[in-house]
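To start, the structure under review is shown below, and the notes come after it.
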Amino acid sequence: MSTNQELSRVFDQMAAALELLGANPFRANSNERVARVLRDMTEDVRAFVAADPETARRRLEELTGIGKGSAAKILEYVETGKLAEHEELMAKVPRGLFAVLEVPGLGPKAVKLMWDELGITSLDELTARLATDPQAVAALPRMGMKKVESIRKGLAFSAHAHERTPLGRALPLALRLRDELGAVPGVKRVDYAGSLRRGRESIGDLDFLAAGGDLGAAAERFTTLPEVTEVLAHGDTKCSVRLAAEGVAIQADLRLVPAAAYGAALLYFTGSREHNVRLREIAVRRGMRLNEYGLFQGTDERPQDSGTTPVAAATEEEIYAALGLPYVPPELREDRGELAGVPARLIEAGDVQAELHAHTTASDGKLSIAELAAAARARGYHTLAVTDHSPSQVIAGGLTVERLLEHAEKVRAADAEVDGITILAGAEVDVLPDGRLDYEDEVLARLDVVVASPHAALGQDPKTATARLLKAIRHPLVHVLGHPTGRMIGRRGGLSPDMGALFAAAARHDVALELNANWHRLDLRDVHVRGALEAGCKIALDTDAHREADFDMLVYGVLTARRAGLEPAACVTAWSAEKLHGWLRSKR
DNA sequence: GCCGTTTTCGGCCCGACTGTTTTCAGTCG
């Protein structure tokens, strides 16, 4: 685990402990915020504290959400490996209570009450007490048998409560359901919102929003879809169901909203929660009130109930404008400083014109050179690099030097034959555990494109991993560092190198960092792409295609890239043929 | 604990829903 991850856990634990001890809730909240800022940071705190502690302290204090107190705590933890306040708090709160706090329906007040009055300090103790003596729990203030029942249900559900669905499974399902709902007569508009609309790499549940005439029909359709396994709620303005389809089990909500307030509702249900909080704070400062019904003049409670006409409500754009803010695309709504300014134009799928990372049947792909080229050309690409695996990838059919050179000949022959696209001879060469590459330099020099990627020894410690990847970046024949961490979402964490050092080296040596669009990977991840851009790096948005349908993975990479603020100019695969080819040749 | 284009002190987003209540606290998103 990186130091940033360790620290964000420390602050999260302090926040939970403060809640359980009944401290000032705003103090607990600010610890949570520090945890989030640390999670989103692209730089390794350990590295920049080591470089110069006083500069580090000043730069930490400049971050919104981190003040003098928290900055000092971060330094204390990095320099000594522990934090006195954290240890004091952990000594006061039994460890098992943190798991109890995770049970849906149980919050800090109820957990503290059961701890104080009944001595319950773990999930096991809670389960046992509910089995043997539910009346004792029901008799506590503001409890009752219904509350006991809901805790029982929450306990049964809590093992799965935090499971998230990968973006690549959630998006196709959501698109299909959106189209089904949109086809219901009377429905004028349907969108998915929530973390899916923001393009997060994994999704908690699906949120749909509908407006139009007969919304009862939309609700009826939604709750009787063939994928529905359970209807959780079916009201006038909201329906909730559980869905199972294509290996995905997920909760989905449909909200029915009036067309006049569609933008306010879309803004509200898209989130993130933290972004919405910032917007409402700005509204209050300007003497207005923002909720899911609109932006209202004045700060009265529930202005929508008194028939007040909102200042803005129909579209998201007019709400941002009325707040005096730039329109923020959904992917950037994470309270990571987006209200201070957004990129002029985020990258779109249509901007991508080249694929620099793709495999054929020569290694582990499913397409011939000609088929791969046809698939790339069909998507309007001007350039395709054929980059099969190197010898260390035995399972993937990595090519020996002899086979590689033969393969490159065939690629060049295909390039001469096929019109409308340039086919380049390349390789995805392994970055070996010690940072050497899997082909000799004289072999690499004969290729048009070299993508260097780590595949093995992904459990290396951060220091070794940093040295390994730096060596690959400094190699003069490398164009792209492929899926730099090697992580697989939900399966393995991959390498945790010092990203700041990688970004600085990649910028200096003119190596593009890959954003691998395959939804199992999304590597680099969003915050790392952002860090890379801040350091002046180029990004190669690639699909790592092994079969035709893999080209469609681009959409996941684009969403991730947009979350990082990527503009077309910084993306080598969005460049014109002339510019891209010139850059590739500059390394030969 | 953090923050400031009204503030360095006194605030800190907003509404729905549930279950417990005679007016509202707790939880959730």
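Given the structure is predicted, the values throughout are model-derived calculations rather than measurements. Here is the naming used below: chain letters follow the sequence lines, and residue numbers restart at 1 for every chain.
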Rounded P spacing from B/dG1 to B/dT5 in Å: 23 Å

Classify A/A283 by what it touches in the nucleic acid, base, sugar-phosphate, or nothing, heavy-atom distance under 4.0 Å. nothing

Side-chain N or O of A/R273 versus OP1/OP2 of B/dC14: is the shortest distance under 4.0 Å? no

Roughly how many Å apart are B/dT20 and B/dT27, using the C1' atom of each and rounding to a whole number? 13 Å

Check the phosphate of B/dG15 against A/N291, side-chain N and O only, distance under 4.0 Å to OP1 or OP2. Yes or no? yes

I need the A/M553 CE to A/H520 NE2 distance, nearest 0.5 Å. 5.5 Å

Given the C1' atoms of B/dG11 and B/dT6, what is the spacing between them in whole Å? 13 Å

Can you see if the side chain of A/R302 gets near the phosphate of B/dA16 - specifically, an N or O under 4.0 Å from OP1 or OP2? yes

For a quick check of understanding: with a heavy-atom distance under 4.0 Å over all strands, which category does A/I282 fall into, base, sugar-phosphate or nothing? nothing

Candidate pair A/R198 and A/E274, rule salt bridge (charged side-chain N to carboxylate O under 4.0 Å, His left out), full reasoning: CA-CA 13 Å; A/R198 302 201 310 279; A/E274 290 79 8; over 6 Å; no

Atom-pair distance (CD1 on A/I203; C1' on B/dG29), nearest Å: 15 Å

Chi class for B/dT7: syn within 90° of 0, otherwise anti: syn

salt_bridge(A/K73, A/E76) N-O dist < 4.0 Å: no

Is A/E292 touching bases, backbone alone, or none of the nucleic acid, heavy atoms closer than 4.0 Å? sugar-phosphate

Have a look at A/R289 and say if it touches a base, only the backbone sugar-phosphate, or nothing, with a 4.0 Å heavy-atom cut-off. sugar-phosphate

Atom CG of A/D207 and atom C1' of B/dG29 are separated, to the nearest Å, by 9 Å

Just checking A/V284: base, sugar-phosphate only, or nothing, at a heavy-atom cut-off of under 4.0 Å? sugar-phosphate

Whole-Å distance separating the CD atom of A/E274 from the C1' atom of B/dC28: 13 Å

A/F296 CZ to B/dG15 P, in whole Å, measures 9 Å

So A/L279, base contact, sugar-phosphate only, or nothing? Heavy-atom distance under 4.0 Å. nothing

Touch check for A/G65, heavy atoms < 4.0 angstrom, all strands: base, sugar-phosphate only, or nothing? sugar-phosphate

Given that A/N31 and A/M288 both sit by DNA chain B, which one's nearest nucleotide is further toward the 5' end? A/N31

Parallel, tilted or perpendicular, judged at 30° and 60°: which one describes the rings of A/Y320 and A/H275? tilted

Can you find a side-chain donor-acceptor pair between A/S202 and A/R164 that sits under 3.5 Å? yes

Does A/K112 reach a base, just sugar-phosphate, or nothing at all? Heavy atoms under 4.0 Å. nothing

Could you walk me through whether A/E334 and A/R530 pass the salt bridge (charged side-chain N to carboxylate O under 4.0 Å, His left out) test, one step at a time? CA-CA 13 Å; A/E334 298 287 352; A/R530 166 166 298 214; over 6 Å; no

Measure from CG on A/L325 to C1' on B/dT5 and round the result to the nearest Å. 14 Å

Atom OH of A/Y268 to atom P of B/dC28: distance rounded to whole Å? 14 Å

hbond_proxy A/N24 side chain to B/dG1 base (donor-acceptor, 3.5 Å cutoff): yes

Does A/G105 or A/G69 map to a spot on DNA chain B nearer the 5' end, using the closest nucleotide for each? A/G69

Cut-off 3.5 Å, side chains only: do A/D253 and A/Q251 have a donor facing an acceptor? yes

When rounded to the nearest Å, what value does the distance between P atoms of B/dC3 and B/dT8 take? 16 Å

Quick one: are A/N518 and A/D523 in side-chain contact, heavy atoms under 4.5 Å? no

Distances under 3.5 Å only, N/O to N/O: pair up the protein atoms with those of nucleotides 17-20 of chain B.
from   : atom 1 : to     : atom 2 : distance (Å)
B/dG19 : N2     : A/R142 : NH2    : 2.6
B/dT20 : OP1    : A/G144 : N      : 3.0
B/dT20 : OP1    : A/G144 : O      : 3.4
B/dT20 : OP1    : A/K147 : N      : 3.4
B/dT20 : O5'    : A/M143 : O      : 3.4

B/dA16 OP1/OP2 closer than 4.0 Å to side-chain N/O of A/Y293: yes

For A/R33 and A/D335: C-alpha separation, side-chain torsions, deciding distance, then whether salt bridge (charged side-chain N to carboxylate O under 4.0 Å, His left out) applies. CA-CA 10 Å; A/R33 186 154 186 214; A/D335 187 29; 3.7 Å; yes

Touch check for A/P108, heavy atoms < 4.0 angstrom, all strands: base, sugar-phosphate only, or nothing? sugar-phosphate

Please state how far atom CG in A/L267 lies from atom C1' in B/dC14, giving the value in whole angstrom units. 13 Å

Could you measure between the two P atoms, the one in B/dT22 and the one in B/dC28, and give it in whole Å? 23 Å

Spacing of A/E102 atom CD relative to B/dT27 atom P, expressed in whole Å: 13 Å

A/E32 vs A/D12, test: side-chain contact (heavy atoms from CB on, under 4.5 Å). Steps then yes/no. CA-CA 5 Å; A/E32 267 173 37; A/D12 267 333; 4.0 Å; yes

Is there a Watson-Crick or G-U wobble partner for B/dC24 with both distances under 3.5 Å, and which nucleotide is it? B/dG19

Taking the P atom in each of B/dC2 and B/dT7, what is the distance between them to the nearest angstrom? 22 Å

